[in-house]
Amino acid sequence: MPSDQGLIVSDANEAPDILRSRFQEWGYLYFKQYTAATKCAALLKDILSCLSPHVRLDESQQLPVLTGEAFVETDAIWDEVYPKIQSLESFHAFFHDADLLQLMRTVSNSEVFVYPMKMARISTPKKVGYETPPHQDARSHVAPSTMAGIWVALHDVSSEMGRLKILPASHKRGMREVMTSPGVGNVQCEIYPDEITWHVSDVAQGDVIIFNAFTVHAAQPNISDSVVRMSVDTRFCDYGAPVFSSNLEPHHGWRIDQLSWPKIYTNWQKTDLQYYWADYPNFT
């Protein structure tokens, strides 16, 4: 029978070789409250300003709650609000924070390249069956094993909200066959009969999970009454590793006209993160 175990906890102060060895063994690293709660709360507030009147912050719980119709990626509400989120300078700058960059460097044992494509995840209740199915980023991002994902919880996430779950050591079995599936991405990868144990835990605001490009991961359904689970993630790789050109586009830029870099940058105050990848040496 399928079973769940808690995420294996790592400490950023551990020796780098121990962290890298654990990453190679399990395909992921989990750091509790690595990113300051104040930084997460500030970004959450900015994103919520783009989600009004559909989602608001419940001040008593400090959690986002649904105030209108439930929605998923590619719904009309999503297409209305997502360009506003993508246009937030704070959203794109979040993963260029010095502490997060240092964590990426430690895991990679090299200088890193942060992908331009940044993702905001907004999982509303009342949409069970549309959660992200098990998948590998190596396929969707056309990436080698030098790429990894980095995910940050913007608020506390408990079991009913739809947690991120990891299939431990799944990266060791290479690229998997896929089939169509409902939910984000519309693709699910093969899960082998002996893979019955997933790693998943309740997480706190500022918790960080880094996972290998081939590590299978998925979202649990949001079965809460009203809480909207919100997190952010991006991808990074060893500097100089090949990066497929589709990763240079804004997330959902392939299907939403308003999502182009010139439109996203319109009201930014700084230019240092605009087209920062222009001189990257290895696009394919």
Side-chain angles (χ1 to χ4, degrees), residues 32-95 97 100 117-132 150-165 183-184 200-209 219-234 250-253 255-256 258-259 263-264 266-269:
K32 286 188 172 182
Q33 296 175 291
Y34 179 84
T35 299
T38 52
K39 294 179 181 178
C40 293
L43 180 56
L44 179 62
K45 181 180 178 181
D46 287 350
I47 293 176
L48 285 171
S49 71
C50 301
L51 289 171
S52 178
H54 311 288
V55 183
R56 67 170 178 82
L57 184 68
D58 183 319
E59 297 286 353
S60 63
Q61 304 179 80
Q62 289 300 299
L63 293 172
V65 294
L66 187 67
T67 53
E69 180 184 348
F71 60 93
V72 296
E73 287 193 21
T74 73
D75 282 349
I77 293 175
W78 171 275
D79 289 0
E80 169 202 337
V81 300
Y82 203 57
K84 299 176 186 177
I85 295 170
Q86 283 289 331
S87 294
L88 291 170
E89 188 171 2
S90 58
F91 170 55
H92 290 270
F94 186 83
F95 283 104
D97 174 84
L100 283 176
M117 185 183 289
K118 313 297 195 297
M119 283 76 79
R121 310 297 182 179
I122 305 161
S123 174
T124 75
K126 304 180 178 65
K127 283 291 186 178
V128 174
Y130 291 91
E131 59 275 0
T132 305
I150 180 167
W151 177 96
V152 182
L154 294 184
H155 58 81
D156 295 352
V157 180
S158 58
S159 58
E160 68 273 10
M161 298 177 198
R163 303 170 299 182
L164 174 65
K165 63 179 186 177
V184 177
V200 62
S201 297
D202 289 359
V203 298
Q205 185 178 57
D207 283 7
V208 174
I209 300 175
Q220 295 178 314
N222 185 342
I223 58 172
S224 67
D225 290 334
S226 60
V227 176
V228 178
R229 193 263 288 162
M230 294 174 57
S231 59
V232 291
D233 58 277
T234 191
H251 188 220
H252 281 270
R255 48 171 298 275
I256 302 177
Q258 303 96 305
L259 283 174
K263 292 179 180 178
I264 286 172
T266 297
N267 294 312
W268 283 29
Q269 300 302 304

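- The minimum heavy-atom distance between Asp207 and Gln33, with the atom names listed, is OD1-N, 2.5 Å.
- Using modelled atom types, one side-chain atom of Tyr82 and one backbone atom of Ala120 make a donor-acceptor pair closer than 3.5 Å.
- Contact of the Leu164 side chain with the Ile209 side chain is registered, since non-hydrogen atoms from C-beta on lie closer than 4.5 Å.
- Within the 4.5 Å cutoff, no side-chain heavy atoms of Val157 are placed close to those of Ser231.
- Using a 4.5 Å heavy-atom cutoff, the side chains of Phe95 and Val152 are in contact.
- Residues Glu89 and Asn267 have side chains not in contact (no heavy-atom distance under 4.5 Å, counting atoms from C-beta outward).
- Side-chain contact between Lys45 and Leu57 is absent, with no heavy atoms from C-beta onward closer than 4.5 Å.
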Checking side-chain contact (heavy atoms from CB on, under 4.5 Å) for the pair Gln220/Glu131: CA distance, chi angles, key distance, verdict?
CA-CA 7 Å; Gln220 295 178 314; Glu131 59 275 0; over 6 Å; no

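- For the 3.5 Å distance criterion, the side chains of His155 and Gln61 fail to qualify, holding no donor opposite an acceptor.
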Checking Tyr130 against Ser123 for the side-chain contact (heavy atoms from CB on, under 4.5 Å) test, could you report, in this order, the C-alpha distance in whole Å, the side-chain angles of both residues, the deciding distance, and whether it holds?
CA-CA 9 Å; Tyr130 291 91; Ser123 174; over 6 Å; no

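- A donor-acceptor distance shorter than 3.5 angstrom exists from the side chain of Lys126 to the backbone of Asp225, with no hydrogens or angles considered.
- Within a 6.0 Å radius of CD in Gln62, more than 12 heavy atoms belonging to other residues, nucleotides or ligands are found.
- With rounding to the nearest 0.5 angstrom, the CG atom of Asp58 is 12.5 Å from the CG atom of Leu66.
- Using a distance-only test at 3.5 Å, with no hydrogens or angles considered, a donor-acceptor pair links the side chain of Asp75 to the main chain of Val72.
- With Ser49 contributing its side chain and Asp46 its backbone, the two residues share a donor-acceptor pair below 3.5 Å.
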Stepwise, does the side-chain contact (heavy atoms from CB on, under 4.5 Å) test hold for Val232 with Lys118?
CA-CA 8 Å; Val232 291; Lys118 313 297 195 297; over 6 Å; no

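- In this structure the side chain of Val227 never reaches within 4.5 angstrom of the side chain of Pro125, judged on heavy atoms.
- In terms of heavy atoms, Cys40 sits closest to Ala153 at SG-O, 3.8 Å.
- Residues Leu100 and Tyr34 are in side-chain contact: their nearest non-hydrogen atoms beyond the backbone lie under 4.5 Å apart.
- Within 6.0 Å of NZ in Lys165 there are more than 12 heavy atoms belonging to other residues, nucleotides or ligands.
- Between His92 and Gln86 the shortest side-chain heavy-atom distance falls below 4.5 Å.
- Remark: side-chain polar atoms of Thr234 are paired, donor with acceptor, to backbone N or O of Met117 under 3.5 angstrom.
- Proximity of a side-chain donor or acceptor of Gln205 to a complementary backbone N or O of Leu154 within less than 3.5 Å is detected.
- The backbone N or O of Ser87 lies less than 3.5 Å from a partner atom in the side chain of Trp268, making a donor-acceptor pair.
- For the atom pair CG of Leu48 and CG of Leu43, the computed distance is 9.5 Å after rounding to the nearest 0.5 Å.
- One finds the CD1 atom of Ile47 at 14.0 Å from the NZ atom of Lys84 (value rounded to the nearest 0.5 Å).
- The NZ atom of Lys39 sits 13.0 Å away from atom OG of Ser90, with the distance rounded to the nearest 0.5 Å.
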Could you give me the CA-CA distance, side-chain angles and deciding distance for Met119 and Glu73, then say whether side-chain contact (heavy atoms from CB on, under 4.5 Å) is met?
CA-CA 11 Å; Met119 283 76 79; Glu73 287 193 21; over 6 Å; no

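- Asp79 contributes no side-chain N or O that, together with a main-chain N or O of Ala76, makes up a donor-acceptor pair within less than 3.5 Å.
- Of the possible polar contacts, none joining the Asn222 side chain to the Lys127 backbone as a donor-acceptor pair under 3.5 Å is found.
- Distance check, rounded to the nearest 0.5 Å: OG1 of Thr266 to CD of Gln258 gives 11.5 Å.
- No donor-acceptor pair under 3.5 Å is formed between the side chain of Arg163 and the backbone N or O of Val200.
- Considering every non-hydrogen atom in both Arg229 and Ala219, the closest pair reads NH2-CB, 3.6 Å.
- Taken from CD1 in Ile85 to CG in Leu51, the straight-line distance is 4.5 Å, to the nearest 0.5 Å.
- A perpendicular orientation is assigned to the rings of Phe71 and His54, their planes being inclined by more than 60° (bins at 30° and 60°).
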